[in-house]
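Some notes on the structure that comes next.
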2 protein chains.
Amino acid sequence: MAETTERRAAEAPTSKSARTRERILDAAAHVLSRKGYAGTRLADVAAHAQLQAPTIYYHFASRDELIEEVMWVGAARVHAHVVAELEALPAETSPLDRILTAVEAHLRYELLISDYTTASIRNANQVPEGLRAKAAAEEAAYARLWRDLFTAAMDAGQLRADLDITVTRMLLLGAMNWAAEWWNPRHRTLDDLVRATQDMVRYGMAPATA
Amino acid sequence: MAETTERRAAEAPTSKSARTRERILDAAAHVLSRKGYAGTRLADVAAHAQLQAPTIYYHFASRDELIEEVMWVGAARVHAHVVAELEALPAETSPLDRILTAVEAHLRYELLISDYTTASIRNANQVPEGLRAKAAAEEAAYARLWRDLFTAAMDAGQLRADLDITVTRMLLLGAMNWAAEWWNPRHRTLDDLVRATQDMVRYGMAPATA
DNA sequence: CATGGAATCTAACTAGAATTCGAAACCATG
DNA sequence: CATGGTTTCGAATTCTAGTTAGATTCCATG
């Protein structure tokens, strides 16, 4: 019953088998983010999941299928979380405020489940083509969400008229994705990071030119 | 003699041996950026450098030493290039303009030698500790350069007084580093990318509040 | 407490890749 | 054209890690 608070993120693992599967997936994300695609050894994954390597084959058909799922799950969960946060906003929320909400949701979720995030970020271009398909489709859909947010804000006149929204969108996502590489909760709170990122979007770095 | 124009970037390869060594290094950066640390096979590196795997051992003591050098070279060259561009500025250049110059220099060089850039970016946390030392030291020195640029601009009142310059600096570097992952010269010129990044620094995304 | 499916384990097979070694090819110099 | 150092190569060695097979343990159910 104490689990209910956890269920927002992942779906609830019911059977014992499902829970073991989830444990293997988490372990794989952990190893994948630190060792890369080629360096992800099933023996290491198994050790983190507290079982023996061959056991993985009871839950996944192959090493590649396991890794494919990690790559996909990371992207899918961030996407779903941002969508949920946006849908929770009042209908009259301005396009710019929707962007700022998306920024906060992306950062919080990315840094919360950072093993999956860093795993898919660092390995996006290292994993063999075949394994990329599902994750790539998910990322494309997520990119469309951001593109729509920017287009709406531009149409509403809330962005500088001469802004290159394609490039700017990628710069913003890059700044956020990179945070998983350096952010340390002992130096800055997540709240501070979110605020600094939102301020960067709104005001840039220079003071308002009087 | 036609080589002289190339010499701005890397030091001039004089002897035949030095040129082969450089070719191996380039090939290693290429493979490392695409396959990761564990996935970088010497046979692949050799194929890209148009020679056989054992030949690599004539130029490098081991696979790890080769990879260590790739990781280090990328960071060192970007650092050196940015320093050179900054030193070429007139003494009276304002701190904010110095930041904008550093942005341009970083982006141009990073995207010029993007195999090295993406190699070190994607593998920074995948390479074993021992190999990180040299590259990490170089990156630390480079980070200090940026910290000083920001501190000077803040002291000169050219940045918003409430700006968190530590976080903002990392967001900016992240946005730029990430560009190596998505920038495609067929969609946007490098000039456009540089301008968009500089505008983001100066103005943010929203129009000046009247 | 017996039983059968679910879940996990141990042992063995196999392929791939770094590294070593000694031979061959290259090439500037006398 | 010979010669010796430089550079490259082919073959053999060794170790690592994915995968499979078969046995064993766990555990809910009757």
Side-chain angles (χ1 to χ4, degrees), chain A residues 12-71 119 123 126-132, chain B residues 1 3 12-71 119 123 126-132:
Chain A
T14 52
S15 68
K16 173 190 174 69
S17 173
R19 257 178 291 127
T20 303
R21 205 188 126 93
E22 188 74 15
R23 223 170 64 229
I24 293 172
L25 215 51
D26 287 349
H30 180 86
V31 176
L32 185 60
S33 71
R34 286 160 179 75
K35 298 299 182 69
Y37 169 71
T40 296
R41 293 174 293 193
L42 292 186
D44 288 349
V45 173
H48 274 273
Q50 300 191 328
L51 37 79
Q52 297 303 312
T55 303
I56 295 174
Y57 285 86
Y58 183 80
H59 300 273
F60 296 88
S62 69
R63 172 182 180 276
D64 275 0
E65 193 182 271
L66 167 60
I67 290 176
E68 179 182 35
E69 186 153 336
V70 170
M71 298 288 289
N123 293 289
Q126 292 185 359
V127 152
E129 274 305 317
L131 304 193
R132 286 278 308 148
Chain B
M1 302 303 164
E3 283 172 349
T14 54
S15 67
K16 173 189 174 70
S17 172
R19 258 178 292 128
T20 303
R21 204 188 127 95
E22 187 74 15
R23 226 170 62 231
I24 294 171
L25 215 50
D26 287 349
H30 181 87
V31 176
L32 184 61
S33 72
R34 285 160 179 77
K35 299 298 182 65
Y37 169 72
T40 296
R41 292 173 294 192
L42 292 187
D44 288 349
V45 173
H48 274 273
Q50 300 191 330
L51 37 80
Q52 298 301 315
T55 302
I56 294 174
Y57 286 86
Y58 182 79
H59 300 273
F60 297 88
S62 69
R63 173 181 179 276
D64 275 0
E65 192 182 271
L66 168 60
I67 290 176
E68 179 183 36
E69 185 154 337
V70 170
M71 299 288 290
N123 293 289
Q126 292 183 1
V127 152
E129 275 304 317
L131 303 194
R132 286 278 306 146

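These numbers come from the heavy atoms of this one structure, side chains and all, not from hydrogens, waters or symmetry mates. Note on naming: letters A, B, ... go to the chains in the order of the sequence lines (proteins, then strands), and numbering restarts at 1 for each one.
Contact footprint of chain A on DNA chain D: nucleotides with an atom under 4.0 Å from a non-hydrogen protein atom, first to last in 5' to 3' order, D:dA17 to D:dT20.
Side-chain contact between B:V45 and B:R63: absent, with no pair of heavy atoms (C-beta onward) separated by less than 4.5 Å.
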(request) Run the numbers on A:N123 and B:Q126 for side chain to side chain contact (heavy atoms under 4.5 Å, CB included), then give the verdict. (result) CA-CA 10 Å; A:N123 293 289; B:Q126 292 183 1; 3.5 Å; yes
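The CG atom of B:L66 sits 7.0 Å away from the CG atom of B:L42 when rounded to the nearest 0.5 Å.
Two residues, B:Y57 and A:Q52, neighbour DNA chain C, and the one matched to the more 5' nucleotide by heavy-atom proximity is A:Q52. Annotation: of the two residues near DNA chain C, B:S62 and A:T20, the 5′-most nearest-nucleotide partner is A:T20.
The CD1 atom of A:I24 sits 10 Å away from the C1' atom of C:dT8 (whole-angstrom rounding). Across the protein-nucleic acid pair, A:R21 atom CZ and C:dT8 atom P stand 13 Å apart, rounded to whole Å. In this entry the distance linking NZ of B:K16 with C1' of C:dA28 reads 12 Å, nearest Å.
Shortest non-hydrogen contact noted between A:M71 and A:L32 is SD-CD2, 4.0 Å. Closest non-hydrogen pair, A:A119 versus A:S33, comes out as N-CB, 3.6 Å. Nearest heavy-atom pair across A:E69 and A:L25 is OE2-CD2, 3.8 Å.
The side chain of A:Y58 lies closest to C:dA6 when the candidates are C:dC21, C:dT10, C:dA6.
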Donor-acceptor contacts under 3.5 Å from residues 49-60 of chain A side chains, at least two apart:
unit_1	atom_1	unit_2	atom_2	d
A:T55	OG1	A:Q52	O	3.2

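Contact check, A:S17 against C:dA7: a side-chain N or O comes under 4.0 Å of OP1 or OP2.
Across residues 35-45 of chain A, not one residue has a non-hydrogen atom less than 4.0 Å from an atom of DNA chain C.
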